[in-house]
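Heads up, the thing below is written out as structure tokens.
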Amino acid sequence: MTTLDARTRQLQERLAAVGERIRLASEAAGRPEAPPALIVVTKFHPATDVRRLVGLGVADVGENRDQEAAAKADLVAEPGVRWHFIGQLQSNKAKSVARYAHSVHSIDRAQLVKALGRAMDAQQDLNGRAALECFIQVDLSQSAGGTSGTTAEGGPGARGGAAPSDVDRLAELVAATDGLRLAGVMAVAPLGADPAPAFGLLAEISARVVAAHPGAGAISAGMSGDLEQAVAAGATHLRVGSDILGARPRVL
């Protein structure tokens, strides 16, 4: 029998608690056989925590800064780990992200789509990697009287994202770009407002995308504080950080 260190035991307990919340939310939403995937957001936490999480069965890891994500991907080079880039992405970082990322959850402009397409073309020529899964990030800041701001785990708050009216155009561009696969939509609930209406709007936008692109039904939504509302609205991917890893370490 392997004895776990204190930090690993802590992560195990928190993973179990979040897993139970997801189970209950999925049952309440009438989808107990199809719970959403859990992406554990590890930003500002060390690669040693990522290794612990992988040892506990975590396969999906989220990061929102390329420099940190690229370094951790090199340090935790486990073949079964899927790295999800969830933060705002500068076009000049596309080449780096294409090297390690399984998906990008923050597609919000045509320039970024084109940069990722070029980067993936080069990367696939180099190693034949699979297509990069792309989520269109939708700005829901005006959906329920909320405000923009930063979040503790799931990315940049409501500051990023395409306007709902621009989603169809971006989806068409992603779908037409070699090396990219349109996965679906993503959003962060507005701060200071009930997340349920915002996630309801996201579900409506998702349905519109799926009508044109039947394989793009993924919905990336929900974090530590609002995962239940996201599951109720049909989220297929949750981005949870603080309720698993605790408060972010102090950055000097």
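Here the structure is a predicted model, which means the values were calculated and not measured.
- Nearest heavy atoms, F85 versus Y100: CD1-OH, 3.7 Å.
- With a 6.0 Å radius and a threshold of 12 heavy atoms from other residues, nucleotides or ligands, Q67 has its CD atom at or below the threshold.
- Residues V50 and E78 form no side-chain contact, since every pair of their non-hydrogen atoms from C-beta on lies 4.5 Å or further apart.
- Scanning all heavy atoms of the two residues, the minimum distance from A216 to V210 falls at O-CG2, 3.5 Å.
- K114 is not listed as a side-chain neighbour of S91, based on a closest heavy-atom distance of 4.5 Å or more.
- Side-chain contact between D49 and R52 is present, with heavy atoms from C-beta onward closer than 4.5 Å.
- Remark: R208 does not engage E204 in a salt bridge, criterion side-chain N to carboxylate O under 4.0 Å.
- We find the CG-CZ distance between L53 and R14 to be 11.0 Å, quoted to the nearest 0.5 Å.
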| request: I would like to know whether R239 and V188 meet side-chain contact (heavy atoms from CB on, under 4.5 Å); could you show each step before the answer? | output: CA-CA 10 Å; R239 309 178 308 273; V188 178; 3.5 Å; yes
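- Follow the hydrophobic side-chain contacts under 4.5 Å out from L202 and you reach V104 in the same cluster.
- Both I136 and L238 are part of a single hydrophobic cluster, where members link through side-chain heavy atoms under 4.5 Å apart.
- A heavy-atom distance below 4.5 Å is not found between the side chains of D243 and L227.
- Atom CG of residue D125 and atom CE of residue M120 lie 10.5 Å apart, to the nearest 0.5 angstrom.
- Within the 4.5 Å cutoff, the side chain of L11 has heavy atoms near those of the L245 side chain.
- Between L89 and V97 the shortest side-chain heavy-atom distance falls below 4.5 Å.
- Residue E27 qualifies as enclosed at atom CD: its count of foreign heavy atoms under 6.0 Å is above 12.
- Contact check for I107 versus L116: side-chain heavy atoms found under the 4.5 Å cut-off.
- Between F135 and H237, the closest side-chain pair of non-hydrogen atoms falls below 4.5 Å.
- Hydrophobic clustering keeps I39 apart from V81 (ILVMFWY residues linked when any side-chain heavy atoms are closer than 4.5 Å, directly or through intermediates).
- Residues L201 and I219 share a single hydrophobic cluster, defined by chaining ILVMFWY side chains whose heavy atoms lie under 4.5 Å apart.
- Using a 4.0 Å cut-off between charged side-chain N and carboxylate O, R118 and D121 make no salt bridge.
- Annotation for G217 and T236: closest pair O-CG2, 4.1 Å, computed over non-hydrogen atoms.
- Here the side chain of R31 pairs a donor or acceptor atom with the backbone of V231 at under 3.5 angstrom.
- Looking only at atom types and distance, the side chain of Q229 has no donor-acceptor partner in the side chain of D194 under 3.5 Å away.
- The CD atom of Q137 sits 10.5 Å away from the NE2 atom of H105 when rounded to the nearest 0.5 Å.
- Looking at every heavy atom in both residues, V138 comes nearest to A187 through O-CB, 3.6 Å.
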Which donor-acceptor pairs under 3.5 Å do the side chains of residues 69-76 make with protein atoms, sequence neighbours left out?
from: K72; atom 1: NZ; to: T42; atom 2: O; distance (Å): 2.7
from: K72; atom 1: NZ; to: H45; atom 2: O; distance (Å): 2.5
from: K72; atom 1: NZ; to: E63; atom 2: OE2; distance (Å): 2.7
from: K72; atom 1: NZ; to: E68; atom 2: OE2; distance (Å): 2.8
from: D74; atom 1: OD1; to: R99; atom 2: NH1; distance (Å): 3.1

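- Among all heavy-atom pairs drawn from A198 and P190, the shortest one is CB-CD, 3.5 Å.
- Between the side chain of R21 and the backbone N or O of S224, at least one donor-acceptor pair lies under 3.5 Å.
- Here the closest heavy-atom approach between residue A221 and residue A230 is recorded as O-CB, 3.4 Å.
- By the ring-ring contact (aromatic ring centres under 6.0 Å, His included) test, F199 pairs with no residue at all, sequence neighbours left out.
- To the nearest 0.5 angstrom, N64 atom CG is 4.0 Å from K43 atom NZ.
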| request: Evaluate the side-chain hydrogen bond (donor to acceptor under 3.5 Å, both in side chains) criterion for residues S103 and R82: first the C-alpha distance (whole Å), next the side-chain angles of each, then the deciding distance (0.1 Å), finally the verdict. | output: CA-CA 8 Å; S103 67; R82 292 181 291 266; over 6 Å; no
Which atom pairs, donor and acceptor, lie under 3.5 Å between side-chain atoms of residues 169-186 and protein residues at least two apart or in another chain?
from: E172; atom 1: OE2; to: H213; atom 2: NE2; distance (Å): 3.4
from: T177; atom 1: OG1; to: L173; atom 2: O; distance (Å): 2.6
from: R181; atom 1: NH2; to: E133; atom 2: OE2; distance (Å): 3.1

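- Inspection of the Q10 and R7 side chains reveals an N or O donor paired with an N or O acceptor under 3.5 Å.
- Here the CG atom belonging to D108 is positioned 9.5 Å from the CG atom belonging to D139, to the nearest 0.5 angstrom.
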